[in-house]
Asker: 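Next up is a structure, given as structure tokens.
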Amino acid sequence: MTEPMLRATSVGKSFGAVQVLRDVNLTVESGEVACLIGPSGSGKSTFLRCINHLEKIDGGEMWVGGERVGYRRVGNKLHELREREVARRRASIGMVFQQFNLFPHRTALENVTEGPIIVQGVNRAEAADRGRRLLERVGLGTKVHNYPSQLSGGQQQRVAIARALAMNPSLMLFDEPTSALDPELVGEVLDVMRDLAKSGMTMVVVTHEMGFAREVADTVHFMSDGVLVESGPPARVLSRPEHARTQSFLAKVL
Amino acid sequence: MSAGVTDAPARPATVVPTRHTGRTVAAVAVLLVVAWLLYSMATNQRFEWGVVAEYLFAAPILMGVLNTMILTVLAMAIGILLGIVIAVGRLSDNVIVSKAAWFYAWFFRGTPLLVQLLFWFFLSALVPRIAMGVPFGPELFSLNTNDLITPFMAAMLGLGLNEAAYMSEIVRSGISSVTPGQTEAAKSIGMTRLQTMRRVVLPQAMRIIIPPTGNEVIGMLKQTSLVLVIGYSELLTSASLIYARTYQTIPLLIVAAIWYLFITAILSVAQYYLEKRYGRGFSPLSTIRTDNVEPLPAPEGKEVRQ
């Protein structure tokens, strides 16, 4: 059996006295699309940020691609990884943010080539070549020289997806990628994500788009108050939820 | 509607802009004052324009201009580089480092520049020899402080170290203006902290940093005249040496002022281009979307509504 892409076992996380994640267990196989759903403040985004070590976990274990996230185990002790090591591992995990977080002082193409050139040491011409192809793939072949401020929200989010893909990630994390978009722009971003899922990318998606989850996800995971309440294929979790909390949440959003 | 318009015109009426009487009066007043100033400057013999012309390009003055510019550039270079280090230190998670950075800014902003300049100049009274070596261990080499601290060195250290304290606050405000999301995005593509600072945070912070830094450079240009007290010969010192001898105080002060104004003008132009460079992606013009914007319908003749 091959190692799963993501394995979280009894992950816990607190901000001060507030415990935001409690005993979260989640396994995502290679090529799987996993959607995390749940009310605001339920810990979905925090869990996602723990996967690439933007937040440190306080308990449990988190593994990505067979490597422990953020720590190295020596004997009976967990040693925190050095910054360079953390950065190297993050480079193979793509992340897309709710607020896009494009670099405003760089054009669409420069946003996409920044990582390959600076982090991976790819030469400029090659990076630009690959960057153009990626922007074409997300439907922005004509916008390569536009600055983020000259693009719509949907276009900016597609550039952000291309920026993450430029690093050739083995896992893509999406943190409510359509929540900051005008309703008419949501579709174009979801289309790109759907194509990405079809191409076999492993994806963990925090989303409120139940239609997308139902159609694209292999597994749906419902979180509430820092606890993973219910997991399973979308047909079951979204249509025939077992837990009362899942039922009451879905009754409100569907 | 105004009472003057009673019957509807057959054709679309032309628009008559409002008269701005106040503006016209102000413009005339300003022009009169300027004309009077120019006239009195030209006719008042005591300005001694002949003397001004005679000394404007005199060798000692040009030497002073050069020294002023060298001192300004070096002191600002020290100020900016050290200022960035102190600003980053101030924002560090390391408590000792951030407190030390705070202390530096407090100390150098809290004592008069004049005192600092004199202090550096008279350093030898405090530390007669400066030695390099292993702390509490053997000495590698040592120098006589008086040989090391020339008036030039004292001027550069005094102005530069003082400037670093002010620059650190300017840089800190710039760094703080960049949203945390930018740092997270940089981390998420695998950048280290140093790469994030150099490639993502500082270039964006520059937009906030440049205008006040322009102020600092122009301020420094004139602040260099303080080094007169430690006998370093810059522009104002050169002028004062001449008028002390010839008693042509006013014309020589005018000569110095002309040079200060000239250099300030050049610096302002440089600042304009720097702001343009670091404003890329931010300027109001670039935020106008040029894609999928439908052209506005052609304006039709404005009509006076009844």
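Residue numbers begin at 1 in each chain, while the letters A, B, ... track the order of the sequences.
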Asker: Nearest 0.5 angstrom please: A/Met167 CE to B/Ser188 OG, how far?
Answerer: 9.0 Å
Asker: Does any backbone or side-chain atom of A/Glu83 lie under 4.5 Å from a heavy atom of chain B? Answer side chain, backbone, both or neither.
Answerer: side chain
Asker: Name the region of B/Arg207, side chain, backbone, both or neither, that has any atom closer than 4.5 Å to a heavy atom of chain A.
Answerer: neither
Asker: For atom CZ of A/Arg194, is the number of surrounding heavy atoms from other residues, nucleotides or ligands below 6.0 Å larger than 12?
Answerer: yes
Asker: Measure B/Gln195 against the heavy atoms of chain A and call it side chain, backbone, both or neither at under 4.5 Å.
Answerer: side chain
Asker: Is the number of heavy atoms from other residues, nucleotides or ligands under 6.0 Å of B/Arg198 CZ greater than 12?
Answerer: no
Asker: Quick one: what part of A/Leu173 sits under 4.5 Å from any heavy atom of chain B, side chain, backbone, both or neither?
Answerer: neither
Asker: What part of A/Ile118 gets within 4.5 angstrom of chain B, counting heavy atoms only: side chain, backbone, both, or neither?
Answerer: both
Asker: Distance from B/Ile189 atom CD1 to A/Ile93 atom CD1, nearest 0.5 Å?
Answerer: 14.0 Å
Asker: State, with a plain yes or no, whether a side-chain heavy atom of B/Phe282 is found less than 4.5 Å away from one of A/Ser149.
Answerer: no
Asker: Taking the side chain as everything from C-beta on, heavy atoms only, tell me whether B/Met191 gets closer than 4.5 Å to A/Arg90.
Answerer: no
Asker: Which bit of A/Arg89 comes within less than 4.5 Å of chain B, counting heavy atoms only: side chain, backbone, both or neither?
Answerer: neither
Asker: Looking at every heavy atom in both A/Tyr147 and B/Arg280, which two are closest together, and how far apart are they?
Answerer: OH-CD, 3.4 Å
Asker: Would you say the side chain of B/Gln182 lies within less than 4.5 Å of the side chain of A/Phe103, judging by non-hydrogen atoms?
Answerer: yes
Asker: More than 12 heavy atoms of other residues, nucleotides or ligands under 6.0 Å from CZ of A/Phe15: is that the case?
Answerer: yes
Asker: Check whether any side-chain heavy atom of B/Lys187 lies under 4.5 Å from a side-chain heavy atom of A/Met95, and answer yes or no.
Answerer: no
Asker: Is it the backbone or the side chain of A/Pro104 that comes under 4.5 Å from a heavy atom of chain B, or both, or neither?
Answerer: both
Asker: Using a cut-off of under 4.5 Å for heavy-atom pairs, which of A/Arg84, A/Gln99, A/Glu114 has the most such pairs with chain B?
Answerer: A/Glu114
Asker: Side chains of B/Gln204 and A/His105, heavy atoms from C-beta outward: is any pair under 4.5 Å?
Answerer: yes
Asker: Evaluate whether atom CD1 of B/Ile266 has more than 12 neighbouring non-hydrogen atoms of other residues, nucleotides or ligands under 6.0 angstrom away.
Answerer: yes
Asker: How far apart are the closest heavy atoms of B/Thr192 and A/Ala87, and which atoms are they?
Answerer: CG2-CB, 4.1 Å
